[in-house]
Amino acid sequence: VWLTPALDGLFVGAAGDRRRFLDRLVVCFDPAHSTRVNQFERAMRQRNRLLENRAPGSDAALSAIERVMAETGVALGAGRVAAIEALRHTMAIRREERAGSPFPWADVALEGGLAEDLGCDAAVDVEDRYARTLADVRGRDARAGRALDGPHRMDLAVTHGPKQMAARFCSTGEQKALLVGLVLAHAAMLSARAAGAAPILLLDEIAAHLDQHRRAALFAELSALGSQAWMTGTDAAQFEAIFGAADVFEVRDGVLAKHSG
């Protein structure tokens with residue numbers, strides 16, 4: 001499980017970035033998820049090409065491709081829904097156990113795509129309905145040059161729990177705290193599913209934008225989680241609070257050496 005500065009704009013960036021973040025969470029406990037995502041996207045590209053250069057007799061080929069989109073699209077959508085439900089459950093536990101944590105609990109949900117249908121109906125019914133929808137809107141999608149319905153339109157909605165404010169409207173500090181909280185919750189969820197075997201955490205420049213209080217809270221969270229955590233930074237002073245409890249290394253001129261203190 002990793003967190004890098006590139007993710008700092010997750011809540012205000014493109015929906016595609018949030019889908020990729022979510023899919024990375026799903027893959028951690030459902031390795032087949034990435035295969036389904038690739039299969040769906042490949043079928044969607046094939047459909048787009050057929051619609052762009054539609055020839056007589058292509059309806060049968062379109063129907064076959066749309067069936068693949070429906071099968072893989074509903075399966076990957078269901079994986080996302082299951083992951084969100086599991087994450088919400090973990091968040092609820094953390095909310096009770098860590099009241100007042102500087103990494104606030106978040107309310108997470110899926111919006112758009114097939115999310116609402118998958119939350120109400122059986123997957124087989126959603127699959128058939130999606131296949132019919134794709135057949136019905138071929139003309140519209142041909143004019144648009146892309147498919148306008150499906151799991152590729154899903155978005156991850158995150159709300160700052162204590163404030164009940166959408167994450168995209170929170171301050172940059174609050175967004176960072178929410179993001180760290182999500183990653184810690186995901187690591188806790190994986191640990192619970194693996195009978196306590198906590199995942200390795202890679203946290204790049206994690207302390208740079210955290211104040212002293214949040215840094216201390218983060219180190220305590222990592223200690224309680226029991227993960228092997230690798231944290232990087234350019235200022236050793238940011239990690240002084242854990243010098244006695246962690247191995248500290250320096251990289252100079254391509255050489256790794258134990259920090260001298």
Side-chain angles (χ1 to χ4, degrees), residues 1-13 17-18 20-22 24-26 28-29 83-110 155-194 196-235 237-243 245-246:
V1 176
W2 69 90
L3 181 58
T4 70
L7 291 171
D8 286 351
L10 184 72
F11 302 129
V12 295
D17 294 338
R18 288 185 290 278
R20 283 187 288 274
F21 175 79
L22 173 60
R24 199 181 81 209
L25 305 189
V26 179
C28 285
F29 57 87
I84 287 295
E85 288 304 312
L87 191 58
R88 287 171 65 92
H89 176 70
T90 301
M91 281 284 187
I93 295 174
R94 288 175 57 82
R95 178 184 178 184
E96 295 297 324
E97 293 179 347
R98 291 170 173 78
S101 169
F103 303 112
W105 63 276
D107 189 13
V108 290
L110 283 175
D155 196 0
L156 174 64
V158 179
T159 301
H160 188 297
K163 284 192 167 185
Q164 284 300 292
M165 178 187 292
R168 65 181 181 275
F169 297 132
C170 293
S171 69
T172 54
E174 289 170 336
Q175 289 178 1
K176 183 71 172 185
L178 279 170
L179 187 56
V180 171
L182 279 175
V183 170
L184 291 174
H186 179 232
M189 180 174 69
L190 290 177
S191 179
R193 286 170 174 254
I200 295 174
L201 288 172
L202 307 177
L203 308 174
D204 184 28
E205 286 288 355
I206 187 62
H209 302 292
L210 298 178
D211 58 28
Q212 186 175 358
H213 174 56
R214 281 178 172 156
R215 285 201 297 269
L218 173 64
F219 300 150
E221 289 262 13
L222 295 176
S223 177
L225 184 62
S227 283
Q228 181 185 106
W230 291 82
M231 294 176 282
T232 66
T234 56
D235 184 359
Q238 295 172 347
F239 301 98
E240 285 182 347
I242 55 167
F243 275 7

inquiry  = Determine whether a donor-acceptor pair (N or O, by modelled atom type, separation under 3.5 Å) exists between the side chain of Q164 and the backbone of G161.
reply    = yes
request  = Kindly determine whether D155 and R18 satisfy side chain to side chain contact (heavy atoms under 4.5 Å, CB included), including the steps that lead there.
outcome  = CA-CA 7 Å; D155 196 0; R18 288 185 290 278; 2.7 Å; yes
Side chains of residues 222-231: which donor-acceptor partners sit under 3.5 Å, not counting sequence neighbours?
| residue | atom | partner | partner atom | Å |
| --- | --- | --- | --- | --- |
| S227 | OG | P199 | O | 2.7 |
| Q228 | OE1 | W230 | NE1 | 2.7 |

note = Here the pair of heavy atoms bringing D17 nearest to L10 is O-CD1, 3.7 Å
task = Considering non-hydrogen atoms only, spot the tightest contact between C170 and M165 and give its length.
result = SG-SD, 3.9 Å
ask   = So R214 and V180, side chain to side chain contact (heavy atoms under 4.5 Å, CB included) or not? Walk me through it.
value = CA-CA 10 Å; R214 281 178 172 156; V180 171; over 6 Å; no
inquiry  = Checking L182 against M91 for the side chain to side chain contact (heavy atoms under 4.5 Å, CB included) test, could you report, in this order, the C-alpha distance in whole Å, the side-chain angles of both residues, the deciding distance, and whether it holds?
reply    = CA-CA 8 Å; L182 279 175; M91 281 284 187; 3.2 Å; yes
ask   = Would you say the side-chain atoms of T159 pair up with the backbone N or O of A166, donor to acceptor, closer than 3.5 Å?
value = no
inquiry  = If I take atom CG from residue D107 and atom CD1 from residue I84, how far apart are they, to the nearest 0.5 angstrom?
reply    = 9.5 Å
note = For A185 and T90, the nearest pair of non-hydrogen atoms, with its separation, is O-CG2, 3.4 Å
request  = Mind running side chain to side chain contact (heavy atoms under 4.5 Å, CB included) on V108 and L22 for me, showing each step along the way?
outcome  = CA-CA 11 Å; V108 290; L22 173 60; over 6 Å; no
inquiry  = To the closest 0.5 Å, what do you measure between CZ (F219) and CD1 (I206)?
reply    = 9.0 Å
ask   = Looking only at heavy atoms, which two atoms of F239 and T232 are closest? And how far apart?
value = CZ-O, 3.7 Å
ask   = Which heavy atom of H186 sits nearest a heavy atom of L87, and at what distance?
value = N-CD1, 4.0 Å
request  = Mark yes or no for whether Q175, through its side chain, and A167, through its backbone, hold a donor-acceptor pair below 3.5 Å.
outcome  = yes
key: Euclidean distance, L7 CG relative to W2 CH2, rounded to 0.5 Å   = 9.0 Å
inquiry  = Measuring only between side-chain heavy atoms, which start at C-beta, is S101 closer than 4.5 Å to E221?
reply    = yes
ask   = To the nearest 0.5 Å, how far apart are CD in E96 and CH2 in W105?
value = 10.0 Å
note = In short, A207 meets R215 closest at the heavy-atom pair CB-CD, 3.4 Å
request  = To the nearest 0.5 angstrom, please state how far the CG atom of L3 sits from the CG atom of L202.
outcome  = 10.0 Å
ask   = What distance do K176 atom NZ and D211 atom CG have between them, rounded to the nearest 0.5 Å?
value = 12.5 Å
ask   = Are the side chains of T172 and D8 in touch, meaning some heavy atoms are under 4.5 Å apart?
value = no
request  = Look at atom CZ of R24 and say whether more than 12 heavy atoms of other residues, nucleotides or ligands are closer to it than 6.0 Å.
outcome  = yes
